[in-house]
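For reference, the structure is listed below as structure tokens.
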Amino acid sequence: MNVRRHHISTAALAAVAALGLGTLTACSSDSAAAGDGGTFDVVASFYPMAFLAEQIGGEHVSVTSLTEPGQEPHDLEISARQTARLEESDAALYLKGLQPSVDEAIGQSPVAVKIDAATLTSLEGHGAEADGHEEEHAEDEHGHEHAEEEHGHEHEHEDGKDPHVWLDPVKYAEVAEGVGKAFEKADPDHAADYRKNTAALVGRLNDLDEKFETGLADRKNSVFITTHAAFGHLAERYGLTQEAISGLDPESEPSGARVKELQETAKADGVTTVFYETLVSDKTAKTLARDTGLGTDVLDPLEGITDASRGDDYFQVMEANLKALRTALGAK
């Protein structure tokens, strides 16, 4: 909904800039603050960003997602209607590098507050093997040793980094904290509520991290095969190795060489399951599984929630993902 806006003070602009909370700008007569009692109007790029805005903003925000339920976010093209909606909003919350058309639209938009989730946590480069089984072993902050492999099917941020940070509860919590601070600065009248809601969300994400840590600790193997390279941050967090069939485009067909490589990997590493997604075709995953004698299951990258999702929100689907990984990896 449209709201009347107030001018953001120079001090508020400086504070947000100092916190590194994305870009906050103000026109001479526009502001993001809903201090007149109106709703803080947020346009989110896709589900993980919309979920943060709703959880943190609560009753004080009106959230619109540019990506419709069931729509594959990577292929999104912004419509004229959505561009107009963006220009009328108080804030835009997005993850730069995931949806090029969104990045362009927000970059050109006069929206007062632009929050880039990619600046609120650290992005890492992830991939899988491209030629043979060349691996580097490293320990993550939990002390797990895991393989970091080179792979030709990368899903990258503009600087070569993996943007799928929301699939790592720890990194998603860092993003949540940054979004909460940005909301506090942009709409100070409701800062206390934003702070309270952010703390509650971060607490739930920390609990989720503990569930993954405990649930995957005692497992038979650590390698999993999935449709596209969305789970690099999750894999790194819990000492797993992701092998992706496709890269940037989840619906792209893998090369014959890549299929053969995955078949060899499955045999060598005791892989039992090929994972597919809810928003893209399962044809390639099921063909690979059939040809390799493996089972199939869903590992949801949580880029959108539909009736086919194994849960109604982020937490329910992530717990379904944990259950699927535990089964596939032989966790006790």
Side-chain angles (χ1 to χ4, degrees), residues 46-47 67-76 98 126-130 133 147 149 151-155 162 164 166-167 215-216 219-235 238 240-312 314 316-331:
F46 72 131
Y47 176 74
T67 308
E68 298 294 330
Q71 184 177 19
E72 215 295 312
H74 306 96
D75 300 330
L76 178 69
L98 189 80
H126 296 125
E129 45 188 55
H133 290 263
E149 303 170 331
H151 180 280
H153 299 268
E154 294 180 322
H155 186 160
D162 178 358
H164 298 83
W166 66 93
L167 292 166
L216 296 173
R219 59 183 183 265
K220 291 182 179 179
N221 56 59
S222 299
V223 179
F224 65 96
I225 296 175
T226 188
T227 304
H228 87 287
F231 299 92
H233 287 292
L234 182 148
Y238 304 111
L240 309 178
T241 298
Q242 167 190 253
E243 290 286 358
I245 298 172
S246 302
L248 184 61
D249 180 359
E251 297 188 11
S252 66
E253 292 292 329
S255 67
R258 179 57 182 161
V259 170
K260 182 179 180 181
E261 185 179 34
L262 288 170
Q263 291 172 339
E264 293 173 349
T265 295
K267 183 180 295 185
D269 294 317
V271 175
T272 63
T273 308
V274 177
F275 288 112
Y276 61 94
E277 306 174 14
T278 55
L279 295 184
V280 298
S281 172
D282 60 7
K283 179 181 177 181
T284 302
K286 289 188 173 181
T287 298
L288 174 64
R290 184 184 66 245
D291 294 346
T292 317
L294 303 177
T296 59
D297 201 353
V298 172
L299 195 63
D300 196 328
L302 263 161
E303 293 170 345
I305 296 288
T306 70
D307 291 341
S309 300
R310 294 180 174 177
D312 296 329
Y314 173 86
Q316 291 181 10
V317 175
M318 282 294 284
E319 293 201 10
N321 281 345
L322 173 58
K323 181 178 179 180
L325 279 169
R326 280 176 49 80
T327 300
L329 300 177

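In what follows, every heavy atom counts, from backbone to side chain, and hydrogens, waters and symmetry copies are set aside. Keep in mind that this is a model prediction, so the values were computed, not measured.
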How close do [X] and [Y] get, heavy atom to heavy atom, and via which atoms?
X	Y	value
Pro301	Ala230	CB-CB, 3.9 Å
Asp162	His233	O-NE2, 2.7 Å
Phe224	Leu329	CB-CD2, 4.5 Å
Glu72	Leu279	CG-O, 4.4 Å
Thr306	Pro69	CG2-C, 4.2 Å
Ala244	His228	CB-C, 3.8 Å

### Message
Assess the residue pair Leu240 and Arg219 against the criterion (side chain to side chain contact (heavy atoms under 4.5 Å, CB included)); give the C-alpha distance rounded to whole Å, side-chain angles, the decisive distance to 0.1 Å, and a yes or no.
### Response
CA-CA 10 Å; Leu240 309 178; Arg219 59 183 183 265; 3.4 Å; yes

### Task
Step by step, work out the side chain to side chain contact (heavy atoms under 4.5 Å, CB included) result for Thr292 and Val271.
CA-CA 10 Å; Thr292 317; Val271 175; over 6 Å; no

#### Entry: Residues forming a salt bridge (charged side-chain N to carboxylate O under 4.0 Å, His left out) with Lys267, sequence neighbours excluded
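Checked Lys267 against salt bridge (charged side-chain N to carboxylate O under 4.0 Å, His left out); zero matches.
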
#### Entry: Set of salt bridge (charged side-chain N to carboxylate O under 4.0 Å, His left out) partners for Asp291, sequence neighbours left out
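Here no residue qualifies.
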
#### Entry: Residues Asp297, Lys323: salt bridge by 4.0 Å N-O rule
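No salt bridge links Asp297 with Lys323.
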
Spatial distance of atom [atom1] ([X]) from atom [atom2] ([Y]) [nearest 0.5 Å]:
X	Y	atom1	atom2	value
Arg310	Glu319	CZ	CD	14.0 Å
Leu216	Ser222	CG	OG	9.0 Å
Asn321	Leu167	CG	CG	7.5 Å
Phe275	Leu294	CZ	CG	11.0 Å
Lys283	Thr227	NZ	OG1	14.0 Å

### Message
Using only atom types and a distance under 3.5 Å, with no angle test, would you say the side chain of Tyr276 pairs donor to acceptor with the backbone of Thr284?
### Response
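Such a contact is absent between Tyr276 side chain and Thr284 backbone.
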
### Task
Look only at the side chain of Asn221 and the backbone of Gly270, and say whether a donor-acceptor pair between them is shorter than 3.5 Å.
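Yes.
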
### Query
Looking at Thr296, Leu288, Leu299, which one forms a side-chain contact (heavy atoms from CB on, under 4.5 Å) with Ile225?
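By the side-chain contact (heavy atoms from CB on, under 4.5 Å) criterion, Ile225 pairs with just one of Thr296, Leu288, Leu299: Leu288.
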
### Task
Quick one: list whatever passes side-chain contact (heavy atoms from CB on, under 4.5 Å) with Thr67, sequence neighbours left out.
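If we apply the side-chain contact (heavy atoms from CB on, under 4.5 Å) test to Thr67, skipping adjacent residues, the hits are Phe46, Ser65, Gln71, Pro73, Leu76, Gln99.
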
### Query
Is there a side chain to side chain contact (heavy atoms under 4.5 Å, CB included) between Glu261 and Glu243 once you walk through the steps?
CA-CA 10 Å; Glu261 185 179 34; Glu243 290 286 358; 5.9 Å; no

### Message
Is there a side-chain contact between Thr273 and Thr327 in this structure, where contact means two heavy atoms from C-beta onward sitting under 4.5 Å apart?
### Response
no

### Query
Would you call Leu234 and Leu325 a side-chain contact if the rule is heavy atoms closer than 4.5 Å?
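They are in side-chain contact.
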
